Amino acid sequence: MSRQPFYQVGKLLRFYIKREYVKLFTWLTGLVVTTVAVALALSGIYQSDQERQMMAETMENPAMKALIGRGFGIDHYTNGAMFSHEMLLMTMIVVAVMSILLVNRLTRQDEESQQLELLLALPIGRLAPSLSAIALLVITNVLLAITTTVSLTLLQIESINFLGSLSYGLALASSGIFFGAVTLLTAQLSNNQRGAMMLSYLVLGMSYIVRAVGDAGDLWLSFLSPLGILQETQAFVNNYFWPQLIILIFSTVIMVFSMRLREKRDLGSGLLADKKGKNKASGFLKTTPGFILSLQKVPLLSWAVAMLLIGLSYGSVLGDLELFLTENEIIQQIIGSANDVSLTEQFIAIILKVMAIISTIPMLMVFHRLKSEEAKGRLDHLLARPISRVRVYSWYVIISLISSIVLLSLGIFSLAGAGVYVLDTSIDFWTLVQANLVYLPAMWVVLSIMAVLYGLIGKLESLAWLYLLFSFMTIYLGDLLEFPDWLMAVSPFYWVPELPVEVFNVWPLITLTVIAGGLITLGSLGFIVRDVGQS
Amino acid sequence: MIIEVTDLKKNFGRVQALKGVNLTVDKGRIVGFIGPNGAGKSTTIRLLLGLLRKDGGKAKIFGLDCYQDAVEIHKRMSYVPGDVNLWPNLTGGEVIDLFIDMQGEDPKSSRKEELIKRFDFDPSRKCRTYSKGNRQKVALIAAFSVESELYILDEPTSGLDPLMEREFQALVKEQKALGKTVLLSSHILSEVEQICDDVAIIRQGEIIESGSIKDLRHLTRTQFIVEAVEDLDFSECQGVYDVVKDHDKWYFQVDHRHIAGVLSYLGNYQVTKLETKEPTLEDLFMRHYEGDAKGGV
């Protein structure tokens, strides 16, 4: 051990707060406002016990459990039970992402860009940066817990009481602290910022998938996932506090272990070794598309594996779903009687939409790389050579489009494969595949929003992420919260026919593709004439 | 003795970056630390800063261990790296104040304002808008604003324009007058020659030459340029090397101890012009590396 490992941790924390408070304030505000809005909307729409009970019946099936988590208090589906069933898991994931980004920024990113070297050359203890990052992580999440608890309690909605709000808020905070701790660990393992971030997301993704499989089949598997454990807080139903306690104890162990690793390793190094690279560029790398693909090889491969896993886990749920629905006559009476479509198909439609949303993420990431290449001045190396702007822009677009097709196909092929294997009904493989691939034009519209903003003004392209988030909300909460049609129609996914349920219609798909193509072209025209590399 | 490094070793995986570095820096001296890329300059400096763990040997500053007592050491010294990255959403002024504050001094009562003027620096802009030279100024101003006993500078002038470079050299000389110690790693040999008392040359993880610049010069040869009416013949003259004739001019090098002999020998000829040049640090440096390229390692 070195002496004074935590020297000046207080001053450093104040500096970290100064750097981060704007971002964190935005995150917290967004989280609390969404939470409050959904709680209010739910209690406003579902006013009687019967209405809620009907909702409970539609939620209580393996497909929905895999998607949004197992619910509690289904027999007596109060406002609180409904709210926590709908929102807890998804919000925990968002809080985890916020915490991963925060800790990764303060640790591995500072280390990679050598700002940590500047700090550690000052009289600052070797572990003070790690401890300050943890302190800010805890402060942020505790603030989130407090504001969530207070604002939910103040709504005075029946059954959303103080104790339930507290267990809900603390579950969110525990998720954030846990995944922040995991990120402190991955910062020691990988020797670069992107690698560390991807490892953290891998843990988050696995936690979600393991829980999905466990929840759908009512298995103990859910208890291997921190998210699965945390939903056992059963907010507004039983208000247990042991899940948060367990997760916080685990988090502390991970943090202490990570700090020991940090103490033992050299600055700038990682415990996972780098492989030796090639001396010469391959013929593939020397082409523009080959170069762009090589930059994103590892993330794209990871996403391919992720899509396979997600497809398999959702596909395997379909069998449980069908079995459940055939056994459950009450539900068939409630919903099935409304039309001729089987319930399985309705839930499949929801899952396929979610799959499309998920595959939009890597597609946007591929294109967004162009922006970060420009911001870091690396785009200049290409443009200063005989490579035109149109060529660079077009290849980024093309590779994004191809990755959207490949990744969505990977997901739906594995989903359909697993689904057909466990499913006895008439739905065949190609019906499922077709039903998912029709979402591609909608995904391209989201890409075109990013492309046109980037091409024309070189900034604000991140709004496409918000647009995707909004589209997800319309799918996830739109029906539940009875969004008006015009609002739903803002999402491109709204226009796509829900295939197993609705009839195929090619015109919306053509329209979406034309819109996407037009915006992408407009972006390319802007990119030709605007300044490159302005800050 | 301010810095005391004995037999310092560092491996990165199977690569032996430092094979046993020996380096001492006495109080009040300005020491130039030179060597080609990849020779181990920055590794040595990062070990001195306690950023890396050594694999053998000793590294001490102020008599304290560089790794274990990093915090104590850093309270009394300043560091400027050659590649300064800063936080994009803070201003240069904010970062300077932060660093000074971390060193335990009050930014208001420090030399900050004076240095900002001398380096012609605008502290009100966000770091993301600074050029490389301006980011370098942030680190330099922060380092020289505080009262340090030791300055470790790793290629501190990279990206600075010649005016600012001169300002930097003046600043280092002022520190020397105040009895401060400086370890300056640099590629710019003329800069080292102008401001350093001593040099240490590192190559492939070992110090191959160290001492005062004056002493080192004696190891080298003086360049002669002679114009004479008749042809010169050096076959019987000792200590003359690399004779080249260009029209009526003769270029050659002479060992220090043979200068007198050569001068009296030249008396036999009708010399119309005689020029001599002191060996530069560059000659010295090149000699070490050319020697190696021929002899192999």
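Computed from a predicted model, the values in this text were never measured in an experiment. Proteins get letters first, then strands, A, B, ... in listed order; numbering begins at 1 in each.
- Contacts of B:Leu52 with chain A are made by both backbone and side-chain atoms, with heavy-atom separations under 4.5 Å.
- Both the backbone and the side chain of B:Leu86 come within contact range of chain A, with heavy atoms under 4.5 Å apart.
- Ion pairing between B:Glu167 and B:Arg118 holds under the 4.0 Å rule for side-chain N and carboxylate O.
- For A:Arg108 and A:Glu111, the salt-bridge test passes: some basic side-chain N is under 4.0 Å from an acidic carboxylate O.
- Salt-bridge formation is not detected for the pair A:Glu112/A:Arg194: no Lys NZ or Arg NE/NH1/NH2 atom is positioned less than 4.0 Å from an Asp or Glu carboxylate oxygen.
- For chain A, the option among B:Leu49, B:Asn89, B:Leu98 with the highest count of heavy-atom pairs below 4.5 Å is B:Leu98.
- For the atom pair A:Phe179 CZ and A:Ile254 CD1, the distance stands at 9.0 Å (nearest 0.5 Å).
- Top candidate by heavy-atom pairs under 4.5 Å with chain B, chosen from A:Val22, A:Asp266, A:Leu267, is A:Asp266.
- Ranked by heavy-atom pairs under 4.5 Å with chain B, the list A:Gln114, A:Lys264, A:Arg265 is led by A:Lys264.
- Considering only heavy-atom pairs separated by less than 4.5 Å from chain A, the leading option among B:Val80, B:Ile152, B:Asp101 is B:Asp101.
- In this structure, chain A has a heavy atom under 4.5 Å from the side chain of B:Glu94, while its backbone stays farther away.
- Contact count against chain A (heavy-atom pairs under 4.5 Å) is highest for B:Arg53 among B:Arg53, B:Met77, B:Arg46.
- Neither the backbone nor the side chain of B:Lys54 has a heavy atom closer than 4.5 Å to any heavy atom of chain A.
- Looking at B:Asp154, its side chain never comes within 3.5 Å of a backbone N or O of B:Gly82 through a donor-acceptor pair.
- The parts of A:Leu12 that come within reach of chain B are both its backbone and its side chain, each placing non-hydrogen atoms under 4.5 angstrom from that chain.
- The pair B:Lys75-B:Glu72 meets the salt-bridge criterion, with a side-chain N (NZ, NE, NH1 or NH2) lying under 4.0 Å from an Asp/Glu carboxylate O.
- When heavy atoms are compared at a cutoff of 4.5 Å, B:Asp65 does not approach chain A at all.
- A salt bridge links A:Glu20 with A:Arg105; the closest basic N to acidic carboxylate O contact falls under 4.0 Å.
- Listed here is the closest heavy atom pair of A:Ala187 and A:Thr107: CB-OG1, 3.6 Å.
- Within the 4.5 angstrom heavy-atom criterion, no atom of B:Arg76 approaches chain A.
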